[in-house]
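In what follows, a single structure is set out as structure tokens and then discussed.
Counting from 1, the numbers follow the sequence of the chain as shown. This one's a predicted model, so the numbers in the text were calculated from it and none came from an experiment.
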Amino acid sequence: MGIFICIFFIFISQIKQKGHRLNILFVFNLLWLIIIFFSKIRLYGLYAASGKAYNLIAIGVLCFDIGYCCCNKIIKCNSIEKKDCLYSKNILRYHILYFLCVVVFIFYLKDLAITLPKILSGQGLEVIRQLAQNSESELYSNRSGIEDALRTLFVNPYMVALQSIVAVDFWIGKRDKLLFFGDVLLCVMNMFSDGSRTYLLYLAIQMAVIYFLSGKHLDVINNIKMMNKTKRRIIFFTVGGLGALILVLATISRSGQNVIRYLYYYYSMEPYMLDLWMSEVDKLGNYGFGLSSFCGYTFSIIYFVTNLFGLSSYPEFAYDVVLMTTSTDQTWKIISSMGSPANAYVSLFWFPYYDGRIIGVIILMFLYGIFIKQIYLRAYKTMNGKYLALYALLFVGVFMSYVRFQFSQVAQALAFIYIILLFHKERMNIDNKL
């Protein structure tokens, strides 16, 4: 059933889209079509998921699609166009961004003092990633409680937010070179300090999102059309080749000779992982009532309050929900007959399931679809930097929905707030509707 739902809404997305616009409905349904198909064929000894898991995915995808497509019917979206004829243009606070980049640079420099000698000695990113995932490793041995708090509540969320902000500034802002190259440097430093390519991937995705949404690709297409075929082919293969080479080299460095198998697992194990963790929730018997899906905010508030007032423990109910939610990242499960271990990758559907079972999935996915469509309309109709950055962040959340629900992670949840705070308003008078 899930496959047919995805195919249907892929078709709908092609009818509704503006042709040249990057369509989030298309991306979401194509992603889950691929995951369901790959999971069904069960290569490399992948264990089978139950029908319950596939049904939950189908319900979640359907509710998201309905919410996204019916947003205009449920909420008077035309009011956005009228209200934003006189709207506030949001300008970046560049000096604050520079200062925060320097602070993050200092944190990463400390990590590089440990990891860089290992890389120079010939060890790959896989070794560095193992260090980063082991809380007992030397990366964490000299960290104080204050440093851990700053990394959790500031460094990681700021780096997530920065990718959206840089993409917006590059395509519709003043294209600040210091900010752009500073961000690229921080992304590379992060890759070598914890073995993760996450921020580089976020930057690439969000650059593409803002590029297409702002219509900048139309100018490039017109310029390319004026070139002869030889020049077009050189540009295409050079840009595409360099991007692919960087991604492949980074992946091989981390995954070694098992790249194809790992890539297959990345886009096929979600139904089985969802099945395993649904069973854990069913055994536990409690409900999260929204605290799991929005664990990024739940954890941040509890963490801040308990440390600020010196409390020895969290509220018991909230603690149980946070513990269960974070366990999906920290607990490794065997997903295949080859003994392949995996953590996370429970998909965005598990979190509302924990909060309210099937009813939770129906409600949250429906509202999630509406919310994303609302942000998209504000971004598209106003070309406002803040809304473009927020939409780019949400797009990444949808693209990474095979891992977790976006707002269940502290970095993603707080990044949404940071983006809002890092813009300031400047009133503008627009006579014509956008």
Side-chain angles (χ1 to χ4, degrees), residues 103-160 186-199 250-251 253-256 258 262 265-266 269 273 276-277 280 292 295-296 298-300 302-304 306-307 310-314 318-336 338-346 403-404 408-414:
V103 174
V104 173
F105 177 83
I106 294 171
F107 277 95
Y108 285 165
L109 203 60
K110 182 180 180 232
D111 294 339
L112 282 174
I114 298 171
T115 61
L116 195 57
K118 297 181 182 297
I119 294 172
L120 294 176
S121 67
Q123 299 183 51
L125 293 179
E126 183 180 10
V127 175
I128 305 303
R129 191 59 184 161
Q130 290 172 357
L131 280 177
Q133 292 178 330
N134 181 8
S135 60
E136 303 297 326
S137 71
E138 55 192 301
L139 269 176
Y140 303 95
S141 59
N142 294 321
R143 288 186 183 178
S144 65
I146 295 177
E147 182 180 350
D148 282 335
L150 288 173
R151 286 177 182 270
T152 301
L153 301 178
F154 163 66
V155 175
N156 296 334
Y158 175 71
M159 281 298 294
V160 173
L186 291 178
C187 289
V188 173
M189 290 178 72
N190 172 261
M191 183 173 68
F192 287 125
S193 63
D194 79 349
S196 172
R197 307 176 304 276
T198 300
Y199 297 136
T251 303
S253 178
R254 262 190 58 181
S255 304
N258 299 312
Y262 288 158
Y265 285 151
Y266 285 154
M269 64 177 161
M273 290 291 285
L276 290 177
W277 284 98
E280 295 286 341
S292 180
C295 188
T298 306
F299 176 82
S300 300
I302 294 174
Y303 186 88
F304 180 77
T306 52
N307 283 276
L311 302 178
S312 58
S313 62
Y314 300 157
Y319 175 79
D320 290 341
V321 175
V322 170
L323 181 63
M324 183 64 176
T325 303
T326 55
S327 292
T328 60
D329 285 334
Q330 298 169 356
T331 306
W332 293 77
K333 302 281 189 180
I334 300 300
I335 62 169
S336 73
M338 299 177 69
S340 304
N343 66 332
Y345 292 91
V346 294
V403 183
R404 62 176 65 86
S408 69
Q409 188 183 42
V410 174
Q412 291 280 337
L414 294 185

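The structure places CG of L112 at 6.5 Å from CG of L109, a figure rounded to the nearest 0.5 Å. Atoms OG1 and CG, on T115 and L131 in that order, are 8.0 Å from each other to the nearest 0.5 Å. From L125, atom CG reaches atom OG of S196 across 9.5 Å, with rounding to the nearest 0.5 Å. Note that CG of N343 and CD of Q133 are 6.0 Å apart. Values are rounded to the nearest 0.5 Å. A distance of 7.5 Å separates OG of S408 from CG of D329, quoted to the nearest 0.5 Å.
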Test side-chain contact (heavy atoms from CB on, under 4.5 Å) on T331 and W277 and set out the steps. CA-CA 10 Å; T331 306; W277 284 98; 3.8 Å; yes
Using the side-chain contact (heavy atoms from CB on, under 4.5 Å) rule, take M273 and I335 through it: C-alpha gap first, then chi angles, then the decisive distance, then the call. CA-CA 7 Å; M273 290 291 285; I335 62 169; 3.6 Å; yes
Passes salt bridge (Lys or Arg N to Asp or Glu O under 4.0 Å), E138 versus K118? Steps please. CA-CA 12 Å; E138 55 192 301; K118 297 181 182 297; 3.2 Å; yes
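Listed for the T326 side chain is a donor-acceptor partner under 3.5 Å among the backbone atoms of V322. Side-chain atoms of T328 come within 3.5 Å of backbone atoms of T325 as a donor-acceptor pair (strictly under, hydrogens ignored). Between the side chain of T152 and the backbone N or O of A149 there is no donor-acceptor pair closer than 3.5 Å.
The shortest side-chain heavy-atom distance between V321 and C295 does not fall under the 4.5 Å cut-off. D148 is listed as a side-chain neighbour of Y303, based on a closest heavy-atom distance under 4.5 Å. Contact annotation: the side chain of M269 never approaches that of K333 to less than 4.5 Å [non-hydrogen atoms, C-beta and beyond]. The side-chain heavy atoms of Y199 and L186, taken from C-beta on, include no pair separated by under 4.5 Å. For the pair L139/K110, no side-chain contact is recorded, criterion being any heavy-atom separation below 4.5 Å from C-beta on. Using a 4.5 Å cut-off on side-chain heavy atoms (C-beta onward), D111 and R151 make contact. Between S193 and F107 the shortest side-chain heavy-atom distance does not fall below 4.5 Å. A 4.5 Å side-chain heavy-atom check between M191 and R129 finds every atom pair outside the cut-off.
For F192 and Y108, the ring centers sit 6.0 Å or farther from each other.
Heavy atoms only, all atoms of each residue included: S336 and I334 are closest at O-CG2, 3.4 Å. In terms of heavy atoms, G195 sits closest to I128 at N-CG2, 3.5 Å.
Legend: residues meeting side chain to side chain donor-acceptor pair (under 3.5 Å) with N156, ordered by chain and number and at least two apart, are absent.
Listed by first and then second residue, the ring pair (Phe, Tyr, Trp, His ring centres under 6.0 Å) pairs that reach into residues 121-150 come to none, sequence neighbours excluded.
The aromatic rings of Y158 and F154 lie parallel to each other, with less than 30° between the two planes, well short of the 60° mark.
For I146, the CD1 atom sits in a loose shell: 12 or fewer heavy atoms of surrounding residues, nucleotides or ligands are nearer than 6.0 Å.
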